[in-house]
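Remember, it's a predicted structure, so these values are computed and weren't measured experimentally.
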Amino acid sequence: FGRMLPLFSINRFVGGSCITQAMNAKLYSDNGRVDRAALAAPAQPRRFLGLDVGAETIKVVEVLCAGPEWRISRRRLVEHHKEPTQRLLELLGEFDWPNLNGAAVCGRLARLVKLPRIPTKQAQARGFRFHFGQRPATVVSIGGHGFSVLELRPNGLEVLRENSRCSQGTGNFLRQL
C-alpha cells in the first residue's frame, strides 16, 4: 500500500465504521491542523475508503464528499478465506486505489494494513449515527472470533462490551443459519 491514505470505517452496514474513518482522516493536514483546502468543495466529489479487515471477511465502503454533503456510493463485503492480503489488494483495485483522497482501517486484522486505524467503538458509533442520527440504540456486532454490544445512550455516552473469551466460529455458525 505504497501511499497512506486517511479515511474511516463502517460496519453495516459495510458503511458505518468505514464512514467514520473517511470523515475523520482527510480533514487534517500532515501537521495535524485542519486542512482548509479539504473543506472547500472541488469540481468532483472527493473519494474516501473505509476498510474493516476482520478474521473472516473484509468490508469496504466508498464515501463521497461534495462540499458539506457526505454520501455512500459503493460498499462490498467479501470473505477472504484466510488470505486477507491478496483479497484486499483485489478490492483496492476495484475501488481505483490510486485516485482516492483518503482511507482508514479498523477490524481484527487492521494491523496488517499500513493505514490510519480507527477504534472499533468509534467506527461503529459513527457509522450508526451517519445512517440513523442521534437516537439511542444498541449495536450488536458478531464476528468470526467474537462479538460486542455497543450501547448508544441518549446522553451521548457510548458503552462497549465485548466477550471476554474467544468465541471462534460464532460468526460462521450464524452465517449458516
Side-chain angles (χ1 to χ4, degrees), residues 1 4-28 32 34 38 48-65 70-80 84 87-88 91-92 95 100-175:
F1 305 104
M4 275 183 75
L5 299 176
L7 189 47
F8 77 163
S9 115
I10 241 183
N11 245 353
R12 173 166 158 148
F13 313 89
V14 184
S17 317
C18 300
I19 291 175
T20 301
Q21 296 164 348
M23 293 170 73
N24 286 345
K26 195 53 186 169
L27 298 180
Y28 297 92
V34 173
F48 301 92
L49 283 188
L51 309 167
D52 183 343
V53 184
E56 303 287 333
T57 63
I58 299 172
K59 296 176 265 320
V60 181
V61 64
E62 179 183 60
V63 180
L64 302 180
C65 178
W70 292 86
R71 69 178 177 85
I72 296 174
S73 64
R74 297 187 284 173
R75 56 182 124 194
R76 296 265 284 130
L77 179 136
V78 297
E79 294 184 34
H80 58 66
R87 192 64 185 116
L88 182 56
L91 283 168
L92 294 177
F95 281 86
L100 291 171
N101 295 96
V105 65
C106 74
R108 184 174 189 89
L109 300 178
R111 69 187 181 285
L112 301 176
V113 183
K114 189 177 179 181
L115 285 172
R117 284 188 236 160
I118 305 297
T120 299
K121 176 181 168 183
Q122 179 184 356
Q124 289 176 347
R126 268 313 267 282
F128 180 87
R129 298 285 187 226
F130 181 85
H131 286 285
F132 303 106
Q134 296 299 315
R135 68 181 182 206
T138 301
V139 178
V140 178
S141 176
I142 302 173
H145 285 218
F147 67 91
S148 67
V149 175
L150 174 63
E151 293 179 60
L152 303 173
R153 297 182 178 169
N155 61 0
L157 184 63
E158 299 169 353
V159 178
L160 179 69
R161 293 186 176 96
E162 299 178 284
N163 59 313
S164 59
R165 296 181 184 176
C166 177
S167 57
Q168 184 171 357
T170 301
N172 189 32
F173 169 74
L174 291 172
R175 195 173 7 174

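- Looking at every heavy atom in both residues, Asn101 comes nearest to Phe48 through CB-CE2, 3.8 Å.
- Listed here is the closest heavy atom pair of His80 and Ala55: CE1-O, 3.1 Å.
- Listed here is the closest heavy atom pair of Leu152 and Val139: CD1-CG2, 4.1 Å.
- Considering all non-hydrogen atoms of both residues, Phe130 and Trp70 come closest at CZ-O, 3.7 Å.
- Pro84 and Leu109 make their closest contact through CG-CD1, 4.0 Å (heavy atoms, listed as atom of the first residue, atom of the second, distance).
- A 4.5 Å side-chain heavy-atom check between Val159 and Arg153 finds at least one atom pair inside the cut-off.
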Next item on the list: Please lay out, stage by stage, how Arg117 and Arg111 fare under the test side-chain contact (heavy atoms from CB on, under 4.5 Å).
Entry: CA-CA 8 Å; Arg117 284 188 236 160; Arg111 69 187 181 285; 3.9 Å; yes
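- Of the inter-residue distances, the one linking Gln134 atom CD with Arg129 atom CZ reads 4.5 Å to the nearest 0.5 angstrom.
- One finds the SG atom of Cys106 at 10.0 Å from the CD atom of Gln122 (value rounded to the nearest 0.5 Å).
- Here Arg75 contributes atom CZ and Asp52 contributes atom CG; the two are 13.5 Å apart, rounded to the nearest 0.5 Å.
- Rounded to the nearest 0.5 Å, atoms CZ (Arg74) and CG (Leu64) are 8.5 Å apart.
- The side-chain contact (heavy atoms from CB on, under 4.5 Å) with Ser148 is formed by just one residue from the set Arg161, Glu162, Lys121; it is Glu162.
- The shortest distance between side-chain heavy atoms of Leu91 and Ile58 falls below 4.5 Å.
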Check: Which is it for Thr120 and Leu150 under the side-chain contact (heavy atoms from CB on, under 4.5 Å) test, yes or no, and what are the steps along the way?
Finding: CA-CA 10 Å; Thr120 299; Leu150 174 63; over 6 Å; no
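- Taking each heavy atom of Phe95 and Leu100 in turn, the nearest pair found is O-CD2, 4.0 Å.
- Using a 4.5 Å cut-off on side-chain heavy atoms (C-beta onward), Val105 and Leu112 make no contact.
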